[in-house]
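Values reported hereafter were calculated over all heavy atoms of this structure, with side chains retained and with hydrogens, waters and symmetry mates removed. What you are looking at is a predicted structure, and each value in this text was computed from that prediction instead of being measured. Quick note on labels: first sequence line is chain A, next is B, and so on, each numbered from 1.
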There are 2 protein chains.
Amino acid sequence: MDTQKTYTIGELARDFDVTTRTIRFYEDQGLLSPRRRGQTRIYSPADRTTLKLILRGKRLGFSLAESRELIFMYRPARDNREQLEALIGKITEKRAQLEQQLTDIRILQGELDDAEARARQAMENLENDHV
Amino acid sequence: MDTQKTYTIGELARDFDVTTRTIRFYEDQGLLSPRRRGQTRIYSPADRTTLKLILRGKRLGFSLAESRELIFMYRPARDNREQLEALIGKITEKRAQLEQQLTDIRILQGELDDAEARARQAMENLENDHV
DNA sequence: AGCATGCTTTACGTTAACGTAAACTTCCCC
DNA sequence: GGGGAAGTTTACGTTAACGTAAAGCATGCT
């Protein structure tokens, strides 16, 4: 069946809260390749997923170049041995980076707890001084 | 005692693997305010910590503006009630953002596991085809 | 027919976060 | 006392990731 849902650029833009310019820009950068009906871009569910990956990458501070790598890691890309080993190398690197981010986040969470506790304490003090 | 260790800009640059230009840029942006001995900048352990915070922020994809907020969250800053409530609001927001990042990371980790498994499988297949 | 909506391309503009270069002082060393 | 190394200011350059027009086609209402 050819009954796959498709999306216009405007729909994707609304759904993910980005501008159409942004989506076209990602295409320029080789991250998306939607089909065309005439001039008009038609996005598949797969395209939609790719966009989701890019935006997730952004939330983690990745550049588009990094996100592109991650996306292509996911497409097996008919490889020879060297390429596969290089791929595994990159995966290992990314994993290390993610671990670093995890520890960074945990530390920051602790600091936020701290900061909030102090803020609440300061508010209590205000109350008391006021009385 | 005034026996606090101090650092030159070059030392900090080496220690954190950034350029001196970068450190001066952060000062321009109001993130660092080292003492001066004549013209020369002298960094305290506190300055060093601030720099560490900025770089951790970068690893998490924060802008310098965001890092600046985080840094000032940590300095109690003599507040009234409104300010304190605004502060707590920001802390809550940041926490939500960090939670989002955590889930993003976990999903990505799973995908990396996946990708590596497939890559290893592809390598095995290569061996076999070759034999 | 006329007009709004939503798509398209082309192209110049903008912001953040530095890089890079030039020209100058200060200090130390032999 | 002449380098060299490390600091300084000033200023223009660069890259990524879009923003912001401008001008034009296609479709669908009324």
Protein-nucleotides 16-18 of chain C N/O pairs closer than 3.5 Å?
residue: dA17(C); atom: OP1; partner: Leu64(B); partner atom: N; Å: 2.9
residue: dC18(C); atom: OP1; partner: Lys58(B); partner atom: NZ; Å: 2.9
residue: dC18(C); atom: OP2; partner: Tyr26(B); partner atom: OH; Å: 2.7

(request) Let me know the distance between CZ of Arg14(B) and P of dG7(D), rounded to the nearest Å. (result) 9 Å
(request) Measure the distance from CD on Glu27(B) to C1' on dT8(D) and round it to the nearest whole Å. (result) 11 Å
(request) Could you tell me the separation between the CD1 atom of Ile23(B) and the C1' atom of dA6(D), rounded to a whole number of Å? (result) 13 Å
(message) Tell me the interatomic distance from Ile42(A), atom CD1, to dC7(C), atom P, rounded to whole angstroms.
(response) 10 Å
(request) Would you check if the side chain of Asp15(B) reaches a backbone N or O of Leu12(B) as a donor-acceptor pair within less than 3.5 Å? (result) no
(request) Mind checking the OG1-OH spacing from Thr8(B) to Tyr43(B)? Nearest 0.5 Å is all I need. (result) 9.0 Å
(message) Looking at Arg56(A) and Ile107(B), would you say the former's side chain and the latter's main chain have a donor-acceptor pair under 3.5 Å?
(response) no
(request) Measure from NZ or CZ of Arg118(A) to the centre of the six-membered ring of Tyr74(B) and say whether it is under 6.0 Å with the direction within 45° of the ring axis. (result) yes
(request) With heavy atoms under 4.0 Å as the rule, sort Arg36(A) into base, sugar-phosphate or nothing. (result) sugar-phosphate
(request) Round to a whole Å and report the spacing from CG of Asp28(A) to P of dC12(C). (result) 15 Å
(message) Minimum heavy-atom separation for Glu11(B) and Thr6(B), please, with both atom names.
(response) OE1-O, 4.0 Å
(request) Determine the contact category for Thr8(B): base if any of its heavy atoms lies under 4.0 Å from a base atom, sugar-phosphate if only primed atoms, P, OP1 or OP2 are that close, otherwise nothing. (result) sugar-phosphate
(message) What is the distance, to the nearest angstrom, from the CZ atom on Arg24(A) to the P atom on dT10(C)?
(response) 12 Å
(request) Mind listing the closest non-hydrogen atom pair of Ser67(B) and Phe62(B) along with its distance? (result) OG-CB, 4.0 Å
(message) I'd like to know if the side chain of Gln101(A) reaches the main chain of Ile105(B), judged simply by a donor and an acceptor atom lying under 3.5 Å from each other, with no hydrogens or angles considered.
(response) no
(request) Decide whether Leu51(A) and Ile42(A) are clustered together by the hydrophobic rule: side chain heavy atoms of Ile, Leu, Val, Met, Phe, Trp, Tyr closer than 4.5 Å, transitively. (result) no
(request) Starting at atom CZ of Arg37(B), determine the distance to atom C1' of dT8(D), rounded to an integer number of angstrom. (result) 15 Å
What does the list of N/O pairs under 3.5 Å between the protein and nucleotides 24-28 of chain C look like, with a distance for each?
none

(message) Measure CG/Leu12(A) against C1'/dT8(C) and give the value in whole Å, please.
(response) 16 Å
(message) For the CG atom on Asp17(B), are there more than 12 heavy atoms of other groups (residues, nucleotides or ligands in this structure) within a distance under 6.0 Å?
(response) no
(message) Of the options dG7(D), dT9(D), dC7(C), whose atoms approach the side-chain atoms of Gln39(B) most closely?
(response) dT9(D)
(request) Output yes when at least one side-chain N/O atom of Arg41(B) is less than 4.0 Å from OP1 or OP2 of dT8(D), else no. (result) yes
